Participant: 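Structure below; questions to follow.
Heavy-atom basis, side chains included; hydrogens, waters and symmetry copies ignored. It should be emphasised that the depicted structure is a prediction, and the values quoted were computed from it without experimental measurement.
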Protein chains: 2
Amino acid sequence: MVMVMSVKSANANHVFRALADPTRRAIFEELTRQGEQTVHALTRYARVSQPAVSKHLTVLKRAKLVRHRREGRETHYRAQPDALTPMVDWLDRYGAFWRDRFDRLEDLLERMD
Amino acid sequence: MVMVMSVKSANANHVFRALADPTRRAIFEELTRQGEQTVHALTRYARVSQPAVSKHLTVLKRAKLVRHRREGRETHYRAQPDALTPMVDWLDRYGAFWRDRFDRLEDLLERMD
DNA sequence: CATAACCATAACCATTCGGTTATGGTTATG
DNA sequence: CATAACCATAACCGAATGGTTATGGTTATG
């Protein structure tokens with residue numbers, strides 16, 4: 001059982017709260033799928049104004065779910081899935097993992113090709 | 001890959017929203033640990049008023065995270081961890097599972113004893 | 001039967017939230 | 001150098017949120 005713990009994970013509270021909003025989840029999903037993105041690109045994707053996107057990114061940042069990298073006049077954001085650990089841990093404790101164990105294992109093995 | 005889908009799971013949105021609040025999470029955790037509980041008991045546990053607890057339970061009910069059973073003048077609530085499936089699925093897609101795949105598999109096998 | 005216990009709902013309130021437009025700072029471009 | 005692009009912050013606003021007290025309905029109890 002390897003315990004990595006590279007960065008101190010944000011409060012579980014922050015993670016749960018950050019992902020409670022659908023727009024924020026959409027942004028995080030987009031970053032996960034498409035990789036690093038400019039605020040401009042994210043604004044085009046999300047159907048809200050640029051300041052709204054900026055504020056959402058701030059919340060995601062607080063939860064450590066995204067990192068940013070300034071490059072000239074644009075800021076590139078990328079997802080930081082490590083930060084989901086508190087949520088995964090929570091689900092380990094209170095979740096339904098004990099059920100479909102076999103299904104999940106099967107599924108896991110399948111995806112490991 | 002067995003697909004059970006006994007009850008139509010609530011919107012993932014509802015689940016994420018419901019678990020965003022720490023008091024609500026605490027209630028759910030308590031129900032998971034201690035099993036079925038009266039509203040009265042939960043009120044004693046949570047540090048808020050009885051109506052507050054009732055409202056939280058309503059939100060959890062909407063997310064199908066709890067079930068209730070009336071018995072005389074008291075209502076017993078119990079956790080329904082199945083309802084966490086949407087969140088688990090979401091983590092499967094966007095989560096950090098792809099990383100420590102092996103660690104998690106190892107962990108899973110370990111817990112299967 | 002009167003009273004108390006349990007719970008849900010109503011009514012209300014302060015705060016937070018998610019959105020907007022306005023603005024300003026920094027960097028690229030014509 | 002003037003202008004445009006990119007982004008964050010400020011200021012503001014309506015709606016949602018999480019809490020409270022008040023109330024009323026149902027069930028148990030003295």
Participant: Measure from CG on A:Leu57 to P on C:dG19 and round the result to the nearest Å.
Facilitator: 12 Å
Participant: Between residues 35-46 of chain B and DNA chain C, which residues have a heavy-atom gap below 4.0 Å?
Facilitator: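 Hits under 4.0 Å, by residue number: B:Thr38, B:Val39, B:His40.
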Participant: Compare every heavy atom of B:Ala20 with every heavy atom of A:Arg17, then report the nearest pair and how far apart it is.
Facilitator: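 Shortest heavy-atom contact: NH1-O, 3.2 Å.
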Participant: Please tabulate, for the side chains in residues 50-57 of chain B, all donor-acceptor contacts under 3.5 angstrom to protein atoms that are two or more places apart in sequence or on a different chain.
Facilitator:
{"residue": "B:Gln50", "atom": "NE2", "partner": "B:Ser54", "partner atom": "OG", "Å": "3.2"}
{"residue": "B:His56", "atom": "ND1", "partner": "B:Arg24", "partner atom": "NH1", "Å": "3.3"}

Participant: Once pairs are restricted to Watson-Crick or G-U wobble with both distances under 3.5 Å, how does DNA chain D read as a dot-bracket string, [ ] for crossings and | for other-strand pairs?
Facilitator: ||||||||||||||||||||||||||||||
Participant: Which residues satisfy the salt bridge (Lys or Arg N to Asp or Glu O under 4.0 Å) test with B:Glu36, sequence neighbours excluded?
Facilitator: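 Applying salt bridge (Lys or Arg N to Asp or Glu O under 4.0 Å) to B:Glu36 gives B:Arg69.
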Participant: To check you understand the geometry: which heavy-atom pair defines the closest contact between B:Leu84 and A:Gly95, and what is its length?
Facilitator: CD1-CA, 3.4 Å
Participant: Nearest-Å distance, CG (B:Leu60) to P (C:dC7)?
Facilitator: 16 Å
Participant: Which residues pass the ring-ring contact (aromatic ring centres under 6.0 Å, His included) test with B:His76, sequence neighbours left out?
Facilitator: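 Partners of B:His76 by the ring-ring contact (aromatic ring centres under 6.0 Å, His included) criterion come out as none, since no residue qualifies.
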Participant: Hey, is the main chain of B:Gly72 close enough, under 3.5 Å, to the side chain of B:Arg70 for a donor-acceptor pair?
Facilitator: yes
Participant: Using every non-hydrogen atom in the two residues, find where B:Thr32 and B:Ala79 come nearest and quote the distance to one decimal.
Facilitator: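 In this case the closest contact between B:Thr32 and B:Ala79 is OG1-CB, 3.7 Å.
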Participant: Return the minimal non-hydrogen interatomic distance between B:Thr43 and B:Ser49, and the atom names on each side.
Facilitator: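 Between these two residues, the closest heavy atoms are CG2-C, 4.0 Å.
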Participant: At a heavy-atom distance below 4.0 Å, what parts of residues 68-77 of chain B sit against DNA chain C?
Facilitator: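 By residue number: B:Arg73, B:Glu74, B:Thr75, B:Tyr77.
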Participant: Using the side-chain hydrogen bond (donor to acceptor under 3.5 Å, both in side chains) criterion, which residues pair with A:Arg25? Sequence neighbours excluded.
Facilitator: B:Asn13
Participant: If you compare all heavy atoms of A:Lys61 against all heavy atoms of A:His68, which two are closest, and at what distance to 0.1 Å?
Facilitator: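 Minimum heavy-atom contact is CD-ND1, 3.6 Å.
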Participant: To the closest 0.5 Å, what do you measure between CZ (A:Arg44) and OG1 (A:Thr38)?
Facilitator: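 Spacing of CZ (A:Arg44) from OG1 (A:Thr38) equals 8.5 Å.
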Participant: Looking only at heavy atoms, which two atoms of A:Phe16 and B:Leu19 are closest? And how far apart?
Facilitator: CD2-O, 3.6 Å
Participant: Quick one, give me the B/S/- string for nucleotides 14-20 of chain D, reading 5' to 3', where B means a protein heavy atom under 4.0 Å from the base and S means that only happens at the primed atoms, P, OP1 or OP2.
Facilitator: ---SSBB
Participant: Which residue pairs satisfy the ring pair (Phe, Tyr, Trp, His ring centres under 6.0 Å) criterion with at least one member in residues 28-55 of chain A, sequence neighbours excluded?
Facilitator: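 Only A:Phe28-B:Trp90 qualify under ring pair (Phe, Tyr, Trp, His ring centres under 6.0 Å).
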